Amino acid sequence: KQSFNSARFKLLIHKLQLPTFISIRMLLANRKQSLFTLFSSLFTVFLLVFVLNISHSLSKMSEYKALWGFEEADLHLTRNESIAVPLKHKDFLEVLSSDSSIQRIMPFSYATASTLPSKEQAAKELIGKIYSKELDEIGLVNLEGRHPKTAEEVALCILTAREQNKTVGDQIELFIEGQNKEFTITGIYQDIGNLGQGFRLRETAIQQLNPLFEPDRYAVQLIDNQPIEEGELQLQQYLAETATIELSAEQRSDIRAVI
């Protein structure tokens, strides 16, 4: 029986082409190196599949921007307060509202807040967005719950909620505008711009703590037949130095490169 198996093996080797035979001999001669090569190949395949999935997701970003945490906007404007005679929020908003190429305007601003330290966790600084109007108007969505509507409500980004062990309906106390304030969590959302960290509040929440608060940023959605580049140029011409204009986040090449 042993001689029969040996004969079959020799016959099999005889039928193999020389390069194949040499490859098998090399693999059997150095098994550690062979296993390393196998695992390297599997990792390379996994990496390629991952990159292809990410590339496909990025190509669809403009179609599903709300799920990435981006507003349904074509342009983002920042009111310039460092010039000699800056426009106030009310005046700036009036100028934008008179432009017939603009369909929707969402004033907002960034704010920082900190979670309070506990026995289990240290305080953590968060960057959030403060919106002047209903968040539905600019296309934002939640993974769970709803948007904050009152000064006592907040939505948390998904990683912040997990780290704080919070969910919809829980209370969270934040140090914001120099004061401690307790909020009810109404929603959990996703935002890759902040790497899963942050919060969303309505403007009334900040105005209770700081009556002088005014938004300094504006998410602008143009009318359907208005080319974005043309709209950007037109706004830049008559706003001049009073504002800085950028493309929306999902359209900017630097943001896409980071992602």
Side-chain angles (χ1 to χ4, degrees), residues 65-66 68-113 125-140 147-149 151 154-155 157 174 176-179 189 191-194 197-223 226-256 258:
K65 60 177 71 175
W68 292 79
F70 299 129
E71 297 89 358
E72 292 285 349
D74 300 309
L75 299 170
H76 278 86
L77 282 63
T78 303
R79 187 162 47 86
N80 189 355
E81 297 180 321
S82 62
I83 59 176
V85 186
L87 285 177
K88 293 294 184 181
H89 165 63
K90 183 179 178 181
D91 299 326
F92 190 84
L93 190 59
E94 187 176 332
V95 171
L96 292 182
S97 300
S98 66
D99 190 327
S100 59
S101 68
I102 294 178
Q103 181 179 8
R104 187 174 289 107
I105 306 165
M106 171 63 83
F108 72 98
S109 190
Y110 287 98
T112 58
E125 185 174 281
L126 303 171
I127 298 176
K129 286 184 175 182
I130 316 300
Y131 291 93
S132 296
K133 303 177 183 178
E134 292 284 347
L135 280 68
D136 293 320
E137 292 186 20
I138 205 67
L140 294 171
H147 297 307
K149 295 180 180 295
V154 66
C157 207
L174 298 175
I176 184 169
E177 291 290 332
Q179 303 176 52
Y189 67 93
D191 186 349
I192 61 169
N194 288 331
Q197 299 281 1
F199 61 92
R200 290 171 178 166
L201 287 173
R202 290 297 303 275
E203 182 180 292
T204 52
I206 298 297
Q207 288 178 334
Q208 280 190 359
L209 304 173
N210 177 11
L212 299 179
F213 170 83
E214 283 190 341
D216 61 350
R217 297 171 187 264
Y218 307 81
V220 171
Q221 188 174 9
L222 302 174
I223 58 177
Q226 175 68 54
I228 295 176
E229 294 78 8
E230 185 179 314
E232 179 186 11
L233 180 61
Q234 181 178 316
L235 284 171
Q236 192 66 73
Q237 286 176 344
Y238 72 81
L239 289 175
E241 63 179 2
T242 62
T244 301
I245 303 175
E246 295 180 326
L247 294 173
S248 59
E250 86 286 348
Q251 294 170 328
R252 290 169 50 190
S253 58
D254 57 335
I255 296 292
R256 295 172 72 94
V258 170

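All values derive from a computational prediction rather than experimental measurement.
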Is any side-chain heavy atom of I102 closer than 4.5 Å to a side-chain heavy atom of L222?
yes
What are the two closest non-hydrogen atoms of Q197 and L126, and how far apart are they?
OE1-CD2, 3.8 Å
Evaluate F199 against I130 for side chain to side chain contact (heavy atoms under 4.5 Å, CB included), listing each step before the verdict.
CA-CA 9 Å; F199 61 92; I130 316 300; 4.1 Å; yes
So, taking the atom named CD in E229 and the one named CG in L75, what distance separates them when rounded to the nearest 0.5 Å?
9.0 Å
Identify the two heavy atoms, one from N80 and one from P86, that lie closest to each other, and give their separation to 0.1 Å.
O-CB, 3.4 Å
Could you work out, with side-chain hydrogen bond (donor to acceptor under 3.5 Å, both in side chains) as the rule, every residue matching Y189, not counting sequence neighbours?
none
Correct closest heavy-atom pair for V154 and R200 would be CG2-O, 3.4 Å
Hey, what's the ring geometry for F108 with H76, parallel, tilted or perpendicular (30° and 60° as the breaks)?
perpendicular
Distance in Å, T204 OG1 paired with L209 CG, rounded so as to fall on 0.5 Å steps
10.0 Å
Do the charged groups of R202 and E134 touch, with an N to O distance under 4.0 Å?
yes
Check residues 231-244 and write down every donor-acceptor pair under 3.5 Å in which the side-chain atom is one partner and the other belongs to a residue at least two apart or another chain.
| residue | atom | partner | partner atom | Å |
| --- | --- | --- | --- | --- |
| Q236 | NE2 | A240 | O | 3.1 |
| Y238 | OH | D99 | OD2 | 2.5 |
| T242 | OG1 | L239 | O | 2.4 |

Student check: side-chain heavy atoms of H89 and F213 closer than 4.5 Å:
no
Considering all heavy atoms, the nearest G139-E72 contact
CA-CG, 3.7 Å
Minimum heavy-atom distance between P215 and S109, given as atom pair plus value
CA-CB, 4.0 Å
Looking at L87, is its backbone amide N or carbonyl O close enough to the side chain of R79 to form a donor-acceptor pair, meaning the two atoms are under 3.5 Å apart?
yes
Nearest heavy-atom approach of S132 to M106 is N-SD, 4.3 Å
When you compare the side chain of F70 with that of I192, does any pair of heavy atoms fall below 4.5 Å?
yes
Regarding K129 and E71, does a basic nitrogen lie under 4.0 Å from an acidic carboxylate oxygen?
yes
Measure from the side-chain N and O atoms of H147 to the backbone N and O of L140, and report whether any donor-acceptor pair falls under 3.5 Å.
yes
